[in-house]
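Since the structure comes first, as structure tokens, the remarks are kept for the end.
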There are 2 protein chains.
Amino acid sequence: MRPLVHPAIEDISVEGIMHALSDPVRVAIFADIAMSNCSQNCTSFSSVEDKAIPKSTLSQHFKSLREAGLIRSERLGVEMQNLSRCGEIDKRFPGLLPAILSAHKIQNDARQHTAKTGRKKSIRAVAK
Amino acid sequence: MRPLVHPAIEDISVEGIMHALSDPVRVAIFADIAMSNCSQNCTSFSSVEDKAIPKSTLSQHFKSLREAGLIRSERLGVEMQNLSRCGEIDKRFPGLLPAILSAHKIQNDARQHTAKTGRKKSIRAVAK
DNA sequence: TTCAGTTGTTCTGAAAATAAGAACTATTGA
DNA sequence: TCAATAGTTCTTATTTTCAGAACAACTGAA
């Protein structure tokens with residue numbers, strides 16, 4: 001088992017962050033970690049739609065977040081402690097993560113609302 | 001030639017935006033369009049490192065930005081007019097795009113600086 | 001008109017990234 | 001020592017992305 005890789009703060013890139021957070025499961029995981037600022041296990045996470053995600057896939061997702069510099073993972077016995085690196089990143093890119101997390105929350109709230117009121121999700125895209 | 005597809009504002013997703021801006025060429029293009037808020041041709045764009053990008057690839061990049069909802073493209077004779085949709089998006093996700101653009105600028109400035117002072121880009125990642 | 005030049009799109013095959021089952025590693029507690 | 005738990009790595013199938021080649025749409029000149 002090879003050691004966990006964490007980029008130095010100056011090697012964290014905007015593109016890397018964007019890419020890591022371009023996956024619905026990964027933003028959800030990261031939002032969880034960043035908001036609660038508590039650990040969050042790797043293998044137990046059911047996505048937004050409550051479908052179980054294979055643990056190999058989750059492991060890869062955590063790896064992506066880690067190697068993008070968004071979280072810091074530390075082995076704690078058999079489990080993993082995952083903490084967000086928001087503080088560090090906010091010094092380098094002020095306001096970036098708060099803005100993304102806030103947008104994510106806005107979108108989630110809107111989705112929950114439309115799910116409750118039963119509005120059909122409009123897939124229609126305006127063609128010109 | 002099929003019509004250009006633009007998502008309605010309520011169909012623009014954070015993940016979609018993140019994904020579109022997770023590519024160095026695409027952020028660069030988008031930053032250009034958003035900053036200058038002027039058109040920006042599709043086929044003439046040399047990336048950050050000044051290497052020419054094939055026009056088919058550029059066309060795809062513009063398509064990605066368009067379908068993520070970040071830009072609005074309109075055929076103007078033989079050319080294309082590309083405008084950012086920052087205004088609309090800022091109403092739905094306040095502060096998101098400004099934060100990303102600002103982070104992108106910070107990173108670019110830092111890169112230019114290290115390129116000038118010749119500091120070797122440290123790829124080293126702290127292994128634990 | 002017709003034709004060449006320009007701008008951008010679409011098609012296509014190769015290369016790269018992602019997803020998830022299966023096998024494996026590491027740690028703990030009985 | 002062994003079973004249980006938490007994660008990782010290997011591997012293959014699928015999906016995305018890249019970029020050359022062919023194509024489509026418009027313009028301006030002959």
Side-chain angles (χ1 to χ4, degrees), chain A residues 1-6 13 15-29 32-33 38-49 51-68 71-83 125 127-128, chain B residues 1-6 13 15-29 32-33 38-49 51-68 71-83 125 127-128:
Chain A
M1 240 173 208
R2 48 191 85 122
L4 302 174
V5 172
H6 294 96
S13 73
E15 296 91 325
I17 292 176
M18 296 290 120
H19 179 254
L21 299 182
S22 70
D23 181 279
V25 175
R26 283 195 299 259
V27 232
I29 293 173
D32 252 40
I33 295 176
C38 95
S39 177
Q40 176 67 51
N41 274 22
C42 286
T43 341
S44 59
F45 192 87
S46 12
S47 103
V48 189
E49 282 91 13
K51 51 182 170 186
I53 300 161
K55 60 179 188 167
S56 65
T57 305
L58 279 176
S59 177
Q60 297 287 2
H61 282 322
F62 275 87
K63 188 183 178 193
S64 297
L65 291 171
R66 188 162 55 237
E67 297 188 348
I71 63 174
R72 190 175 291 283
S73 311
E74 210 160 331
R75 265 183 255 277
L76 226 71
V78 79
E79 297 192 8
M80 202 73 118
Q81 185 182 49
N82 297 294
L83 297 168
K128 263 207 158 169
Chain B
M1 238 171 205
R2 47 190 87 121
L4 302 172
V5 172
H6 294 96
S13 73
E15 294 92 326
I17 292 176
M18 296 291 120
H19 179 253
L21 299 181
S22 71
D23 180 279
V25 175
R26 283 196 299 260
V27 233
I29 294 173
D32 253 39
I33 295 177
C38 95
S39 178
Q40 177 65 54
N41 274 22
C42 286
T43 340
S44 60
F45 191 90
S46 14
S47 102
V48 191
E49 281 92 12
K51 52 182 169 187
I53 301 160
K55 61 179 184 165
S56 63
T57 305
L58 278 175
S59 177
Q60 298 286 5
H61 281 324
F62 276 87
K63 188 182 178 194
S64 296
L65 291 171
R66 189 161 54 237
E67 298 190 346
I71 63 174
R72 190 175 291 284
S73 313
E74 212 160 330
R75 265 182 255 278
L76 227 71
V78 77
E79 298 193 4
M80 200 73 119
Q81 185 183 48
N82 297 293
L83 297 169
K128 264 206 153 171

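Letters go in sequence order (proteins before strands), and every chain restarts at 1.
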Point to revise | Length of the line joining B:H19:NE2 and D:dT16:C1', which is rounded to integer Å | key: 8 Å
Check your understanding: So, for B:H6 and B:R72, which heavy atoms are closest and what is the spacing to 0.1 Å?
Key -> NE2-CA, 3.4 Å
Point to revise | Single hit among A:V27, A:D32, A:I33 for side-chain contact (heavy atoms from CB on, under 4.5 Å) with A:I29 | key: A:I33
Revision key, fill the gap. Against the side chain of B:V78, the closest entry in C:dA26, C:dT6, C:dT18 is C:dT6
**Study point:** A:N82 versus A:F62, closest heavy-atom pair with distance
**Key:** ND2-CE2, 3.4 Å
Exercise for review: Determine the minimum heavy-atom distance between A:A68 and A:G16, stating which atoms define it.
Suggested key: CB-O, 3.7 Å
Review point. Taking only residues at least two apart or on different chains, which pairs with a member in residues 15-26 of chain B satisfy side-chain hydrogen bond (donor to acceptor under 3.5 Å, both in side chains)?
Key: A:Q107-B:E15, B:R26-B:H61
Check your understanding: Whole-Å distance between D:dG7 C1' and A:K63 NZ?
Key -> 12 Å
Point to revise | Whether A:S59 side chain and A:K55 backbone form a donor-acceptor pair below 3.5 Å | key: no
Table of protein N/O atoms under 3.5 Å from nucleotides 18-21 of chain D N/O atoms:
| residue | atom | partner | partner atom | Å |
| --- | --- | --- | --- | --- |
| D:dA19 | N7 | B:S56 | OG | 3.4 |
| D:dG20 | N7 | B:S56 | OG | 3.1 |
| D:dG20 | O6 | B:S56 | OG | 3.4 |

Revision key, fill the gap. Between CD1 of B:I29 and P of C:dG8 the distance, given in whole Å, is 11 Å
Review point. Do the side-chain N or O atoms of B:R66 get closer than 4.0 angstrom to the phosphate oxygens (OP1, OP2) of C:dT9?
Key: yes
**Study point:** Distance, rounded to the nearest Å, where A:E79 contributes CD and C:dA26 contributes C1'
**Key:** 13 Å
**Study point:** Rounded interatomic separation in angstrom, taking CG from A:L65 and P from C:dT18
**Key:** 12 Å
Point to revise | Atom-to-atom span, CZ of B:F62 to C1' of C:dT10 - whole angstrom | key: 17 Å
Review point. Rounded to whole angstrom units, what separation is found between the CG atom of B:N82 and the P atom of C:dT9?
Key: 8 Å
Check your understanding: Between A:L4 (CG) and D:dT9 (C1'), how many Å, whole number?
Key -> 13 Å
Practice item. Work out which heavy atom in B:L4 is nearest to a heavy atom in B:S73; give both atom names and the distance. Key: CD1-O, 3.4 Å
Revision key, fill the gap. Heavy-atom nearest nucleotide on DNA chain C taken for A:G77 and for B:R2; more 5' hit belongs to B:R2
